Number of protein chains: 2
Amino acid sequence: MNTRRVAEKLGLSPERLGQLQGSIIRRSSWPQPRLLRFDKSASGVESGTVIFDNSEVVFGYPKIRRALVLEPAIKRFFPERVAVEEKMNGYNVRVASIDGDVVALTRGGYICPYSTEVAQRILPEEAFQDHPDMILCGEMVGPENPYVPKDIYPTDSIDFYLFDVAKKNSKGTLGVCKTREISEEFGIRTAAFFGEFKPDRAYVEITRIIKQLGKKGREGVVMKDPENLRPSIKYTCSESNCSDLASGFQYYNDYALDFFVSRAVREGFQSMEWKESEEERRKRAQRIGESILLPLVDTVERKMKGEQIVQEVQIRVKSIQTARDFEHHLRRSGTKAIFDQPEPYDDGYLVRIAKLVMSTNDKTQALLEGEMW
Amino acid sequence: MNTRRVAEKLGLSPERLGQLQGSIIRRSSWPQPRLLRFDKSASGVESGTVIFDNSEVVFGYPKIRRALVLEPAIKRFFPERVAVEEKMNGYNVRVASIDGDVVALTRGGYICPYSTEVAQRILPEEAFQDHPDMILCGEMVGPENPYVPKDIYPTDSIDFYLFDVAKKNSKGTLGVCKTREISEEFGIRTAAFFGEFKPDRAYVEITRIIKQLGKKGREGVVMKDPENLRPSIKYTCSESNCSDLASGFQYYNDYALDFFVSRAVREGFQSMEWKESEEERRKRAQRIGESILLPLVDTVERKMKGEQIVQEVQIRVKSIQTARDFEHHLRRSGTKAIFDQPEPYDDGYLVRIAKLVMSTNDKTQALLEGEMW
């Protein structure tokens, strides 16, 4: 790697880059190609930013902040117009071609072997032949998404939805227009686009969209500046908040505490902003309460029957090696999982994975034995 | 203070005591008498343990652990018999006579001027004349309890309920029998005693008691070893868990995150252990959901109307100086509060206090202005 050139691309002095290499910049030698990744944000460089051995830089995707009260947020952050897209519920990858090989990077800047195989299968090769510097930023969604498996999208496996494009070695992303252009040029599926609105109509329209998405179990929307000059903002449906609560409480001891409280708080603000009737609030309270209570009871009852509490997911792969590599990838991310024997399926393999939630297992077992909290 | 004697009482070497004085043992010079307090537990000494200048030691009250699944906890920790008392919902004080003056110590080992005035008014002087080494451990409850004001007890102000007695300079407490003896001898009110049960009956009986207490809005029970040889265990009513959730979510940004999740988790375990029907679970979920949603909405709506979010409490004092001292005491405990002018009331004064919850105020205001979470 050419330290001076890389430092310049990152907007750092070579000395600062050297310092960071000793601390928050970490090497990842597997899978190929080798890279350095920013484990945290530093000196204005997003966490997840990756430097490849050939000195190419893929910047981390900027964190999208969340509005809790929609109307003032729209007026404040999008005084002209706002473009509204669906926020897909899956996991975020950046796909780029490095020395001729397409790789998919996780948020944290690792190459994910499974996502890479999916990206190579789904995405048209010409896209990277025509635009070798292009980075496709998108969401991997579907029931064979091993992080957030969801049955709500039109795929029985996993699919990639483009939501932004970026360029290697450049900070920032190219925004709504360029994304639509690339999508049309190469036939890449994008997150649904709901239109552009002026601020006086936007709140009403987005609220209508949010309610419709909620009924379909979808997650929410991302609001973007059509000119790509302002940061994007996200906002989610009540049903998605509650479905998050439900997954969280099922594995109550393995989730961070703020996961629970943040979702409850979103519900309070939405109910206030929507000026709900007593009856509507009663229903929302019921939804929240059931999202908390029922998964908890289910987990405790399953443990009482002697079951191991696991999160069952599955992936479909072309090559058995990808499954083996993904097992290694999960392990290095700190997830303990048991991989079943791959079963032949179409022209590839189906692999069932049991992700272990050890903390919830152990705690529940101890409490059932009368141990104290 | 006589370092060697004090160290011996604490079960520490004089050197270890010296080390701790530089770190977790803190001096508190106000109000009189001056004392040293254990800010945390260390070397087997409970946090809140106090050493007075006259070398007398008042040990911290041991933390009572909580059962989440009652039946196995009873069988495991009380294999012979279990005594069941009501757990009062207020704040815990230790009252002792030091050099002839009755003082009330908070859990943390501070002298609370308000609790001290209350203790001096309510508790019979003879108790400490006859037993100068006695420590009365009890709960201050009622609507004029400035920490957890509750209307559910038979007082319109504040009352002291004895739940244990201890001796100065001795670790541990004297337990159920001695507490009843002292209560009878001096006419001191105690937490309700529900009886002693063998393990085969205890679960059914305690569950019946818990359901009854829940209907009355009471907190729960403490289970104790009648022989005082084993640590006590607490268990709470669903209604109390939900009422905690409600107070927490009203001031959602000022509470610790585990406060919320721990209470939700208790509900899941209780529902499981009680083998509730679908209808019972639906009702419990409604109760949980409303405890979360309605206080949140209320807080946001009040802030939207321009109200300051405060927690309003009140105290009644004999002497205006006690109110002033309590203001100082709250401030040193890190609570910001606005004290109204004392109003004459009977032979004393009523003081209304607005406790500020700055974090919830500021966060709610910012979110209402469209700021991001």
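For the numbers below, each heavy atom of this structure counts, side chains included, while hydrogens, waters and symmetry mates do not. Below, read A as the first sequence line, B as the second, and so on, with proteins coming before strands; counting in each chain starts at 1. Since this is a predicted model, take the numbers as computed values, not measurements.
- Atom NZ of B/Lys211 is surrounded by more than 12 heavy atoms from other residues, nucleotides or ligands within 6.0 Å.
- Heavy-atom minimum distance, B/Met372 versus A/Ala73: CE-CB, 3.9 Å.
- For a residue to count as touching a neighbouring chain, one of its non-hydrogen atoms must lie under 4.5 Å from one of that chain's; by this rule A/Glu71 does not touch chain B.
- Among residues 266-273 of chain A, the residues having any heavy atom closer than 4.5 Å to a heavy atom of chain B are, in sequence order, A/Glu267, A/Gly268, A/Phe269, A/Ser271, A/Met272.
- Of all the heavy atoms in B/Leu257 and A/Leu257, the pair that sits closest is CB-CB, 3.6 Å.
- Side chains of A/Val265 and B/Trp373 form a contact here, defined as non-hydrogen atoms less than 4.5 Å apart.
- The minimum heavy-atom distance linking B/Ile292 with A/Ile292 is given by the pair CD1-CD1, 3.5 Å.
- The most heavy-atom pairs under 4.5 Å with chain B, out of A/Asp298, A/Val261, A/Ile288, come from A/Val261.
- For chain B, the option among A/Lys283, A/Arg66, A/Glu301 with the highest count of heavy-atom pairs below 4.5 Å is A/Arg66.
- Contacts between A/Phe77 and chain B at a heavy-atom distance below 4.5 Å involve the side chain alone, from C-beta outward.
- Residue B/Leu70 does not touch chain A at all, counting heavy-atom pairs closer than 4.5 Å.
- Both the backbone and the side chain of B/Arg282 come within contact range of chain A, with heavy atoms under 4.5 Å apart.
- Remark: the backbone N or O of A/Pro72 is not paired with any side-chain donor or acceptor of B/Glu369 at under 3.5 angstrom.
- Interface check for chain A: of the options B/Glu276, B/Glu290, B/Gln286, B/Lys75, the most heavy-atom pairs under 4.5 Å are formed by B/Gln286.
- Contacts between B/Phe249 and chain A at a heavy-atom distance below 4.5 Å involve the side chain alone, from C-beta outward.
- Residue A/Glu279 places its CD atom among more than 12 non-hydrogen atoms of other residues, nucleotides or ligands, all under 6.0 Å distant.
- In terms of heavy-atom pairs under 4.5 Å with chain A, the best-connected choice from B/Val297, B/Thr364, B/Asp258 is B/Val297.
- B/Arg76 touches chain A through its side chain: at least one heavy atom from C-beta onward sits under 4.5 Å away, while N, CA, C and O do not.
- There is no contact between A/Ile74 and chain B, counting heavy-atom distances below 4.5 Å.
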